[in-house]
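These notes concern the structure reproduced below.
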Amino acid sequence: MPDRPATAAHVAVHYDELDLAYRRMWGDHVHHGYWRSGKETPQEAAAALVVLVEEHLALRPGHRVCDIGCGYGATAAAILGRHDVTIVGLTLSAAQQRIADGRAPGFACGPMPSKSSEHMTDKGCFFTEARASSSPCAPERCTTACSNGKRAE
């Protein structure tokens with residue numbers, strides 16, 4: 001977790017410059033993964049993280065989901081394959097948006113007006129701001145899996 005805030009522009013440049021390296025390393029899931037045993041492949045861990053997010057969201061038909069920091073849209077595509085929901089993804093990275101946009105029926109990706117929760121030093125503040133946002137996908141309910149093992153909602 002960063003100890004000082006990064007600007008949205010710095011985060012965008014970071015992901016755009018490292019786009020090819022991230023895709024080679026993580027494939028379509030830049031959200032990394034969830035390792036239960038530590039023996040999972042990156043692909044298995046990425047799939048496990050999507051399932052963990054689905055469990056926390058308790059999705060029902062008709063729900064609208066906002067994927068803040070959607071990366072390449074792989075998480076949204078997986079969720080849309082199993083749930084009758086719509087998903088709007090937001091990313092700072094133009095390189096990620098080019099791949100994510102229109103990835104699956106029911107998914108649209110656009111530029112994010114702020115920054116991903118993963119680049120915020122104060123997770124609670126991020127979610128308070130996200131809930132108060134005038135964005136068309138201001139979420140009613142948010143969840144994130146933080147690297148310190150804690151959830152911010």
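Predicted model only: the values in this text are computed from it and were never measured. The figures here come from the full heavy-atom set of this structure, side chains too, leaving out hydrogens, waters and symmetry mates.
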Could you state the interatomic distance from CG (Leu18) to CZ (Arg24), rounded to the nearest 0.5 Å? 12.0 Å

Identify which one of Ile99, Val13, Asp16 satisfies the side chain to side chain contact (heavy atoms under 4.5 Å, CB included) criterion when paired with Ser93. Asp16

Just how far is it from atom CD of Glu44 to atom OG1 of Thr41, taken to the nearest 0.5 Å? 3.5 Å

Nearest-0.5 Å distance, CG of residue Asp84 to CG of residue Leu59: 10.5 Å

Here the gap from Asp67 atom CG to Phe107 atom CZ, rounded to the nearest 0.5 Å, amounts to 6.0 Å

Is there side-chain contact between Val50 and Ile79, with heavy atoms separated by less than 4.5 Å? yes

Would you confirm whether His63, through its side chain, and Arg60, through its main-chain N or O, come within 3.5 Å as a donor-acceptor pair? yes

Atom of Leu57, atom of Val65 and distance for their closest heavy-atom approach: CD1-CG1, 4.5 Å

Do Asp19 and Tyr72 pair up side chain to side chain, a donor and an acceptor below 3.5 Å, judged on atom types alone? yes

What one should report as the nearest heavy-atom pair of Ala12 and Leu92 is CB-O, 3.3 Å

Please report the shortest heavy-atom distance between Ala100 and Gly73, naming the atom on each side. CB-N, 3.7 Å

Close aromatic pair by centroid cut-off 6.0 Å: His29 and Tyr22: no

Residues forming a salt bridge (Lys or Arg N to Asp or Glu O under 4.0 Å) with Arg82, sequence neighbours excluded: Glu54

Run the numbers on Thr91 and Gln96 for side-chain hydrogen bond (donor to acceptor under 3.5 Å, both in side chains), then give the verdict. CA-CA 7 Å; Thr91 182; Gln96 291 176 355; 2.9 Å; yes

Leu90 CG to Cys70 SG distance, which is reported to the nearest 0.5 Å: 6.5 Å

Is the closest basic N to carboxylate O distance between Asp28 and Arg103 below 4.0 Å? yes

